[in-house]
Colleague: 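Structure provided below as structure tokens; questions to follow.
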Amino acid sequence: MDLKIEHLQNWSPARIDVSSGEYEVDWIYLGDKRFTEPFHDNTLESLLRNPFNLLFRHRTPIACLGELYDGSAGVRPTGFIFHVSRCGSTLVSQMLAALPRNIVISEASVIDKVIRADASEETRVTWLRWLINALGQRRFTEERDLYIKFDSWAVLDLPLIERAFPGVPWIFMYRNPVEVIVSNLRQPGAQMIPGVIDRIHPGLSLIDLVQFSTEERYARTIASFCAAALENAENPRGRFINYNQLPSAVTAEIGSHFGISFSDEDIATMQNSSKRDAKAPYQSFTPDGEAKRNEASNEVMFYAEQLVEPLYRELERIRALRA
Amino acid sequence: MSEDFEKLRQIVLRDVELQRELREISAQDEFVSRVVAMGAAQGLAFVEDDVLEAMRQNRRSWLERWI
């Protein structure tokens with residue numbers, strides 16, 4: 001099929017496929033749907049309820065993203081969100097998505113696939129620029145800011161992402177490690193499953209990882225993300241944000257760091273969205289740090305203290321310096 | 001996947017009017033019937049089962065993020 005860029009208007013990259021041996025992009029028709037669900041996957045699931053989207057997709061070579069990049073400039077990234085997971089990052093992205101002028105892409109698997117592609121760093125940088133340009137295509141005249149919330153393990157590739165987008169401010173979000181471990185014990189994130197994301201634990205095989213207790217493995221994973229963030233602590237484009245600063249930090253420290261100011265109406269809209277549970281918007285949001293700490297076993301406390309607390313304290317020290 | 005169905009797919013992907021018509025149908029049964037009828041209008045012979053099978057395969061592949 002002789003696909004032209006105009007055929008892709010209102011279509012968006014949804015999935016990277018390598019089954020043919022080459023990197024290809026599956027596109028889904030967005031129409032007038034905004035990315036307002038908590039995660040990019042949720043938006044795809046919603047779109048797939050329409051039988052047309054289930055049956056019809058464009059599949060193109062990844063180079064097609066390059067043609068779009070050359071022919072149609074999307075909204076340039078305003079800010080990036082990195083995080084340890086279970087630390088309020090979805091609350092932040094949802095509050096930002098509450099404003100129609102914001103395009104917010106949250107933990108998109110297409111972005112993850114490109115960052116971790118089996119390709120040179122140079123190629124991954126190029127593909128990432130192309131992809132985010134495609135995801136940031138302006139479909140409504142009021143759209144002017146683009147925020148990308150990456151998967152938690154993407155902080156390990158922060159230097160590559162910075163190479164692709166020099167100058168874009170970013171935040172790294174974290175939380176009391178006991179609370180993060182307990183949250184994952186209730187419902188493990190993908191990063192906690194041994195072997196799913198190999199590079200979280202360099203030098204450790206799958207056999208090594210399954211020897212650890214669940215609590216230790218979770219603590220090691222969170223420590224890996226915190227250590228990666230701390231390696232970038234000197235970077236003036238970065239800022240550390242603690243869960244306990246939310247939700248007010250979104251319109252204050254985070255907005256300021258991203259170079260964005262919010263009107264009273266914006267703040268009211270965002271605060272209204274913050275009252276809902278970010279991951280389950282039909283429920284009310286209630287802070288649950290104390291409940292999680294009370295639920296922590298001695299083993300959780302031990303590994304949090306041994307493996308993550310020193311890093312957490314350093315993150316807090318640097319955050320206070322920059323406040 | 002049926003060769004004729006694949007031809008219909010490519011015709012639809014190049015035609016925004018056909019796409020618009022199909023997108024307006026939310027009921028699966030009606031959608032599948034319309035796709036078959038569209039194919040017949042193009043001289044393409046495939047049946048509802050071909051369409052349903054394609055939808056099943058796509059549903060599975062869309063949601064398999066970790067494979």
Side-chain angles (χ1 to χ4, degrees), chain A residues 1-4 6-11 13-20 24 26-33 39-60 107-113 116 151 153 188-198, chain B:
Chain A
M1 172 184 162
D2 185 19
L3 184 69
K4 296 184 173 53
E6 39 272 37
H7 289 130
L8 294 172
Q9 192 176 20
N10 293 321
W11 292 71
R15 193 167 164 273
I16 300 289
D17 187 271
V18 291
S19 57
S20 68
E24 295 178 303
D26 283 339
W27 301 72
I28 195 166
Y29 184 78
L30 276 185
D32 61 2
K33 180 144 182 56
F39 300 101
H40 187 254
D41 275 355
N42 299 144
T43 303
L44 296 185
E45 286 159 15
S46 170
L47 290 168
L48 288 170
R49 285 188 208 118
N50 184 308
F52 173 86
N53 283 331
L54 196 51
L55 193 60
F56 295 97
R57 59 184 166 183
H58 286 296
R59 175 166 286 185
T60 70
E107 299 187 21
S109 70
V110 278
I111 293 178
D112 176 46
K113 266 284 181 63
R116 295 192 297 129
D151 290 295
W153 54 91
Q191 68 277 11
M192 299 305 187
I193 301 169
V196 170
I197 313 291
D198 289 339
Chain B
M1 195 178 293
S2 147
E3 202 174 303
D4 272 7
F5 172 66
E6 181 55 31
K7 286 178 184 169
L8 188 276
R9 250 184 22 92
Q10 294 302 326
I11 291 169
V12 170
L13 285 173
R14 272 178 293 179
D15 189 321
V16 292
E17 288 307 318
L18 292 180
Q19 291 175 30
R20 188 173 295 128
E21 181 187 339
L22 290 174
R23 269 196 301 271
E24 285 173 4
I25 307 172
S26 55
Q28 183 168 292
D29 289 350
E30 184 186 343
F31 174 81
V32 172
S33 297
R34 189 69 196 100
V35 170
V36 172
M38 230 178 233
Q42 300 280 344
L44 300 169
F46 55 87
V47 297
E48 291 193 358
D49 275 353
D50 293 321
V51 181
L52 289 169
E53 179 56 28
M55 291 172 79
R56 267 193 294 273
Q57 285 181 17
N58 286 349
R59 185 179 288 114
R60 188 164 175 266
S61 71
W62 272 119
L63 300 177
E64 285 175 345
R65 175 174 176 171
W66 303 110
I67 295 175

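Proteins come first, then strands; the chains are lettered A, B, ... in the order of their sequence lines, and each starts at number 1.
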Colleague: Please look at Leu55(A) and chain B and tell me whether the side chain, the backbone, both or neither of the residue comes under 4.5 angstrom of a heavy atom of that chain.
Modeller: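 Answer is both: backbone and side chain atoms of Leu55(A) are under 4.5 Å from chain B.
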
Colleague: For His7(A) versus Arg14(B), what's the shortest heavy-atom pair and its separation?
Modeller: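 Between these two residues, the closest heavy atoms are NE2-O, 4.2 Å.
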
Colleague: Check for a donor-acceptor pair, side chain of Asn50(A) on one end and backbone N or O of Arg23(B) on the other, with a separation under 3.5 Å.
Modeller: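 It does hold such a pair.
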
Colleague: So do Ser61(B) and Arg57(A) actually touch side chain to side chain, heavy atoms under 4.5 Å?
Modeller: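 Touching, per the 4.5 Å side-chain cut-off.
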
Colleague: Heavy-atom distance under 4.5 Å between the side chains of Leu54(A) and Arg59(B), does that happen here?
Modeller: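 In contact.
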
Colleague: Can you tell which part of Asp17(A) gets under 4.5 Å to a heavy atom of chain B, answering side chain, backbone, both or neither?
Modeller: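 Neither part.
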
Colleague: Can you say whether Val35(B) sits under 4.5 Å from chain A via the side chain, the backbone, both, or neither, judging by heavy atoms?
Modeller: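 Only the side chain of Val35(B) comes within 4.5 Å of chain A.
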
Colleague: With a 4.5 Å limit on heavy-atom distance, are the side chains of Leu13(B) and His58(A) in contact?
Modeller: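 Sidechains of His58(A) and Leu13(B): in contact.
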
Colleague: Check each atom of Glu45(A) against the heavy atoms of chain B and say whether the ones under 4.5 Å are side chain, backbone, both or neither.
Modeller: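 For Glu45(A), the contact with chain B is made by the side chain alone.
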
Colleague: Out of curiosity, Leu22(B) CG to Asn53(A) CG, how far, rounded to the nearest 0.5 Å?
Modeller: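 The CG atom of Asn53(A) is 11.0 Å from CG of Leu22(B), to the nearest 0.5 Å.
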
Colleague: Using a cut-off of 6.0 Å, state whether more than 12 heavy atoms not belonging to Gln9(A) lie near its atom CD.
Modeller: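 Not more than 12 within 6.0 Å, no.
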
Colleague: What is the distance from atom CZ of Phe52(A) to atom CE of Met55(B), rounded to the nearest 0.5 Å?
Modeller: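 Reported to 0.5 Å precision, the distance equals 11.5 Å.
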
Colleague: Do Phe56(A) and Gln19(B) touch side chain to side chain, with heavy atoms closer than 4.5 Å?
Modeller: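 Side-chain contact under 4.5 Å: no.
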
